[in-house]
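Below: the structure, in structure tokens.
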Amino acid sequence: MAGRGEERCRVHVRRYLEAPFLADQARRTQAANRADYENDVVTPGVPPSLRKALEEWVVDESTPDDEVADFIGWPVARVREHR
């Protein structure tokens with residue numbers, strides 16, 4: 001069972017991967033304030049230095065999609081779509 005800190009990290013990675021898609025959706029529908037999606041992804045309980053490390057890990061080309069998928073609980077195909 002994951003601890004609270006680990007779950008916050010997983011949530012942050014999910015939100016980070018989804019942010020560009022949410023921004024595109026907001027631009028298309030004009031239903032949301034675009035500025036909300038242009039700022040850094042912030043997850044309460046995840047310190048800025050850890051947030052940066054998680055984001056760097058996600059975008060690093062040497063990080064396998066299946067490793068990210070296992071960590072956040074998504075199917076590999078969904079991780080590939082969002083990366």
Side-chain angles (χ1 to χ4, degrees):
M1 177 184 266
R4 289 183 65 164
E6 186 176 338
E7 184 57 31
R8 286 183 187 134
C9 291
R10 290 176 186 195
V11 167
H12 180 80
V13 172
R14 288 182 202 123
R15 290 179 66 192
Y16 179 77
L17 286 169
E18 290 175 333
F21 285 79
L22 294 175
D24 287 344
Q25 180 182 14
R27 282 190 289 275
R28 283 193 308 269
T29 63
Q30 299 297 312
N33 183 354
R34 213 174 108 189
D36 289 344
Y37 299 106
E38 291 177 349
N39 297 325
D40 289 339
V41 174
V42 176
T43 303
V46 178
S49 59
L50 179 56
R51 181 173 69 227
K52 183 179 180 194
L54 288 167
E55 292 168 3
E56 289 174 355
W57 172 72
V58 168
V59 298
D60 187 334
E61 292 180 9
S62 68
T63 304
D65 293 335
D66 59 334
E67 190 173 288
V68 176
D70 287 344
F71 180 71
I72 62 174
W74 281 5
V76 174
R78 186 170 181 197
V79 170
R80 286 185 182 135
E81 175 187 0
H82 283 75
R83 285 180 94 186

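Side chains are part of it too, since the values below use all heavy atoms of this structure and drop only hydrogens, waters and symmetry mates. In this text, all values refer to a predicted model and were calculated from it rather than measured experimentally.
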Taking C-beta and beyond as the side chain, do R4 and E7 meet within less than 4.5 Å on heavy atoms?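 Not touching, per the 4.5 Å side-chain cut-off.
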Could you pull out all residues at least two apart from V59 that satisfy side chain to side chain contact (heavy atoms under 4.5 Å, CB included)?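 By the side chain to side chain contact (heavy atoms under 4.5 Å, CB included) rule, V59 matches Y16.
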Got a sec, which residues hit side-chain hydrogen bond (donor to acceptor under 3.5 Å, both in side chains) with S49, two or more places apart in sequence or on another chain?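 Not a single residue meets the side-chain hydrogen bond (donor to acceptor under 3.5 Å, both in side chains) criterion with S49.
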Could you report the tightest heavy-atom contact between T63 and R83, atom names first, then the distance?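 Scanning both residues, the minimum pair turns out to be O-NH1, 2.9 Å.
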What is the minimum heavy-atom distance between R15 and P44, and which atoms define it?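 Looking at all heavy atoms of both residues, the closest pair is NH1-CD, 4.2 Å.
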Only distances under 3.5 Å count here; give the side-chain donor-acceptor pairs of residues 73-80 to other protein atoms, sequence neighbours excluded, each with its distance to 0.1 Å.
{"unit_1": "R78", "atom_1": "NH2", "unit_2": "E18", "atom_2": "OE2", "d": "2.9"}
{"unit_1": "R80", "atom_1": "NE", "unit_2": "D65", "atom_2": "OD2", "d": "3.1"}

Show every donor-acceptor pair shorter than 3.5 Å between a side-chain atom in residues 50-58 and any protein atom, with sequence neighbours excluded, or say none if there are none.
{"unit_1": "E55", "atom_1": "OE2", "unit_2": "H12", "atom_2": "NE2", "d": "2.9"}
{"unit_1": "W57", "atom_1": "NE1", "unit_2": "E67", "atom_2": "OE2", "d": "3.1"}

Rounded distance (nearest 0.5 Å) linking atom OG1 of T43 with atom CZ of R8: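 Between T43 OG1 and R8 CZ, I get 10.0 Å after rounding to 0.5 Å.
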Single-linkage hydrophobic cluster, 4.5 Å side-chain cutoff, L17 and V11 together: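 Shared cluster, no.
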